[in-house]
Amino acid sequence: MSADLAPLLATATLRGPHVDFAALSPLIALLGGAMIVLIAGLLRSRTVREHVVPALTLVALGAAAGLTIWQWNVEKSIAAGALKIDSLSLTLNLILVAGGACTVLLAWRSLASREAGHSEFHALLLTSIGGMSLLSAAQNTVAVFLGIELLSIPLYVMCATELKKEHSLESGLKYLIVGSVGSATLLYGLALIYGATGATDFSSISSALSANGLATDPLTLTGIALCVAGLCFKASVAPFHQWTPDVYEGAPTPITAFMAVATKVAALGVFLRLFDVAFIEAHASWGPAVATLATITIVVGNVGALSQSSLKRMLAYSSVAQAGYMLAGIIVASKLGAQATVFYLAVYLFMNMAAFAVIVARERELKSTPTPPLIHGDTLAAMQGLGRTRPHLAWPMTLSMLGLAGIPATAGFMGKFYLIDAAVSGGYTWLGVVIVIGSMISLGYYLPVIAAMWMSGSSEDAPSPSATTTIPTPGPTEGALPTLAGGSQGLDEETPPLVAGIQPEVVLVAIVTSGATLFFGVIPQPLFDLVHGVGSALGLL
Amino acid sequence: MPPLSILIWLPAACGVLGAILSTFLDRGRATATTASEPDAHTGTWSLPGVLALIGTVIALGLAIGYIADYKPGTSGLQHVTDVVWISELGIHYKLGISGLNVFLIGLTTLLFAAATIAANLRIQSPSTPRPKLFWLFFMIAESAVLGALLAQDLALFVAFFDLMLIPFYFLTLFGGPTARGTREERVKATIKLVVYTLVGSLLMLAAAIATGVLAAQQGGGHITFVLSQLQALPLSKGSQEWIFLFFAAAFLVKMPAFPLHGWMPDGYRAMPIEVLMVFSGVLSKVGAYGFLAIVLPLFPQAAVHFQTLMLVIALVSILYGSAVAFTQTDARLILGYSSVAQLGFITLGIFALNPQGAQGALLQMVNHGLVVAPLLFIIALLAQRSGGSEDIRAMGGIAFRAPVLASIFLIVSLATLAMPGSSNFVGEFMILLGVFQTKLAIAIIAFTGVVMASVYALRLFIRAMHNRVGKDVDSRDMTIRDGLVLVPIVAVIVFMAIYPQLALRRSEGAVKTAVASAHAALSPTPAGALASSPSRAIAVNSQEAASGESHEGASSEARSTETTSGAGEGAYRREGSAEAGAQGSGATSSEHASGEASGQENSKPVAKSEGHLK
């Protein structure tokens, strides 16, 4: 044992006391940004809270992105071997930061950030992204658990930020309970792995598994199984997905978008690290098992989405299915597979953000009409006739749906192509076929959305809000649950009416992300270049 | 000639340009004249429509240029564009013209140009929903179809093939004055259409990726999807078989063939006529083209393995399509089911797995596109004259006041039923000739399809144009504007009837190359042995014929009289030798000899017959 650890200890003594600020800088920017945002929120001015705080958040995210690019070709262990910046973590950082920026824009005038307090909301968001960033760079099991918790706890809170909406609170609570179970399962699994191998860091676990013939040891396998279950909770892989539709539906839509994209990026990123590096020696054992899970996930996600009337629930099930597709890249444990997974994660960000941006816009538009109609913004009915009345929303939604369905000329096609390519190369041809069968089923729920938007002769009675209508935001006195306002400054004062109708930042997100979906569908080379180093960073063949 | 990318992307560019320009113009108009809102739509020619017309006509001109420029007697690619698209996946943006696609390109551009005129004439009606988007998607559709036909990279082909569906999804969804059914029915039909076709296409996507990956693994090289390179890396028989089935599913749905045609009746009803003209005329051919250009060269062993299955599917399609076409009263569905039957013939020819059948199939693809599009347009004209109904029971007696329309209808109908003298006759003849050599029994049953075709085609004509005058019929002749749509297509039908060699000669080399490996694989298998006796008989016959007399000119008139009077194989022999004579006297004699030489590797009798009959 000590012989195994000797080289590692040698590096540890060299690097241990040294803090590599350059390599840590993206993480520092995120967490430092969270502090600054929190402090800035203490200022009394409303403008500062409503606009400077999100702007500062964007600056922090931009700084993190810039520092990530600055470190682009660096590959080294930091923090005494607990973390490693390499191509994978840097690429995932970029995706996470982009997802975070979209979330900030979507939440800019949302009820959620107003009710939770702008600074708290954004600080939580930045912390969560910090946790994800940490997770994607993790090199030992302790860092994994740290990252998982750091990303999850702010999310539990953020789900419940629409304080007056019962669904939101329920969503937060549900996520808290299920998420804790997931975390506990993962922790148990990691503990068993430690018990079996006596190591916490990935390379030692890997060498212990190969050297001592532990790859088929029951203790190891139990540990791995529990790790799979724990991570599947986070990545909403069936059969651990039941929380997903409820939580996605109940949470404020910007947060749903963030959860759908960023959590998945982080969870699958750590999946890659843990399974394609630490447990690679036991690949023969977990490969078929996870492939079965992926199949179940694809089927359950796609079939579940078919009958949903709420678009957010539909996208929740769709995200379950998409997680199944992406698992294919992890299962094959090859360089190609890792690259395909990360490629799809990037593509997935664009497609989902576009869809959620449109839903956010519709929700606000429908809420802001003088007589709130009975249709909710995230239903299919809210999309009726959108092509005629608001083409700037209908086109992004169309591209997003086509992309998620994997139609050529969208990035989704390229992503699926890459994944199937990886699956076939890795000897999992049948999984490639399962992916396309899943895509077929998925047409049953993506296409009706498009049909609703573009179908002629649609109900023209869908209200078209003028630019000046205002949201009758309930004041603290008429709120359903006023006590919950707690220390949130936003509710302690008179709430000014929200101007809705024109939401340039939401439309911007929708157009930019859907434009990217189209662009990378036609010219995918930049994305291929982006993920190019991922496989070799993991040391895969 | 300009590069092929211009041909592909010009229509889409025109569509996008039209959509953008008209958006801005409409906005300007809306602010300028708020009161005269209806006036904005009553102009005869809308800007996007005119742009679309310009785009399609230029594309047609380019296609004619490519046909004229095509060097007959070669089997390689011409006007190749080859750029690496995605290096990681070995996907090239490779386009090229071969003998297989050169005439389909011509057909596509011709039908799109005709449909554009048809739509321009009709779309002015204010009830047309979303003219801007209609044109945008219509033009994207042309680009996608041309892309699929010209792609010489498997992944690129699959991408274009899948992409084709999206514009048609929208076009069906929008409907139009000539689309039928309520909104709900249209949505349902559209979803059905998309699900059916995408089920096939997505399976094909998986199969295509597997082809590239497995070929690279077996060849030990870098992954590639370029067709010519894949052809050099044949897969194992086991892989070929499942991959073949996936590809076949995609193509058979698109055609549609018998058990997979469920989307067809609803889809045909829901589409506006202009869209249906290109859908029925062109898209179904892309499926058949896929068999010929991709499946046969890449998976020859599987093609042999499943030959009987495919032939039976084709045969059932012919019989089922013909029989149902005979019982339908909805004129559109008569054509729909007749297409099933016609595409059955094409499949039959392709899976005869010999050059005769394949060449006949290719000719028949062009022919069928040329007849079905004008027939659909005529049905729209008939519906205008019969109180809006497309039911043939409501029609009748239209011919009396519409002599021009009646004669054009008659020409097209006669071409549909493969009247001797028409190019369709040559096509069906060669198909049956090809099948005779491999599966005698199937060829004999397939003959009944030819008879049934005349029944349903003439029934449609007679019920619509003659008989008692229908209740709501208000007969009048077609206008010159309608003539703009019909006359060019009918002119091409007549031209092809007079001179089918134009297509035959240009496709000959490529067709031979396409079926060569499957043909070679056919001979040693038990399936080939079964079929060897009739083929040998024909080979002997044709040898006699070639050594002997009958070098009369290739006039189709002469051939038709011979065939109708002559019985059995003697007639085929003469047909074949007439062909050989026509080509031997042409400039292609040296190429012809080389074709024979390459054929010698195969079993001798078959090779001989191949050489002479071509």
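Predicted model, so just to flag it, every value in this text is computed and none were measured. Labels below follow one simple rule: chain letters A, B, ... track the order of the sequence lines, proteins then strands, and each chain is numbered from 1.
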Study note, to complete from the structure: A:Val436 and B:Leu202 have their tightest heavy-atom pair at CG1-O, 3.5 Å
**Study point:** Portion of B:Leu163 that has a non-hydrogen atom of chain A nearer than 4.5 angstrom
**Key:** both
Check your understanding: Does B:Phe170 reach the side chain of A:Thr398, with side-chain heavy atoms less than 4.5 Å apart?
Key -> yes
Check your understanding: At a heavy-atom separation under 4.5 Å, does A:Phe528 approach chain B through its side chain, its backbone, both, or neither?
Key -> both
Review point. Using a cut-off of under 4.5 Å for heavy-atom pairs, which of A:Ala423, A:Pro391, A:Ser439, A:Ser425 has the most such pairs with chain B?
Key: A:Ser425
**Study point:** Nearest heavy atoms of A:Gly432 and B:Ala206, plus distance in Å
**Key:** O-CB, 4.4 Å
Revision key, fill the gap. Okay, A:Thr429 and chain B: the region with an atom under 4.5 Å from a heavy atom over there is side chain
Exercise for review: Please check if atom NE2 in A:His532 has more than 12 non-hydrogen atoms from other residues, nucleotides or ligands closer than 6.0 Å.
Suggested key: no
Exercise for review: Measure distances from B:Phe246 to the heavy atoms of chain A and classify the residue's part below 4.5 Å as side chain, backbone, both or neither.
Suggested key: side chain
Check your understanding: Looking only at atom types and distance, does a side-chain atom of B:Trp85 sit under 3.5 Å from a main-chain N or O of A:Ile523, one as donor and one as acceptor?
Key -> no
Point to revise | Beyond-backbone contact of B:Glu88 with A:Val531, side-chain heavy atoms, under 4.5 angstrom | key: no
Review point. What part of B:Phe225 lies closer than 4.5 angstrom to a heavy atom of chain A: side chain, backbone, both or neither?
Key: side chain
Check your understanding: At a heavy-atom separation under 4.5 Å, does A:Leu447 approach chain B through its side chain, its backbone, both, or neither?
Key -> both
Point to revise | Contact class of B:Ser87 relative to chain A, heavy atoms under 4.5 angstrom | key: both
Review point. Could you walk me through whether A:Ile420 and B:Val213 pass the side chain to side chain contact (heavy atoms under 4.5 Å, CB included) check?
Key: CA-CA 10 Å; A:Ile420 298 172; B:Val213 172; over 6 Å; no
Study note, to complete from the structure: Under 4.5 Å to a heavy atom of chain B? For A:Ile407 that would be side chain
Revision key, fill the gap. In short, A:Phe417 meets B:Ala155 closest at the heavy-atom pair CZ-CB, 3.6 Å
Practice item. Could you look at A:Ile450 and say if it's the side chain, the backbone, both or neither that has a heavy atom under 4.5 Å from chain B? Key: both
Review point. Considering only heavy atoms, which portion of A:Val522 lies under 4.5 Å from any heavy atom of chain B: side chain, backbone, both, or neither?
Key: backbone
Point to revise | Which atoms of B:Ile91 approach chain A - backbone, side chain, both or neither, heavy atom under 4.5 Å | key: side chain
Revision key, fill the gap. On a heavy-atom basis, the closest approach of B:Leu173 and A:Ala451 is CD2-CA, 3.6 Å
Check your understanding: Under a 4.5 Å cut-off applied to non-hydrogen side-chain atoms, are B:Ile86 and A:Gln525 in contact?
Key -> yes
Study note, to complete from the structure: Scanning both residues in full, the closest heavy-atom pair of B:Ala210 with A:Val424 reads CA-CG1, 3.8 Å
Practice item. Specify the closest pair of heavy atoms between A:Met440 and B:Leu203, including all atoms of both residues, with the distance to one decimal. Key: CE-CG, 3.4 Å
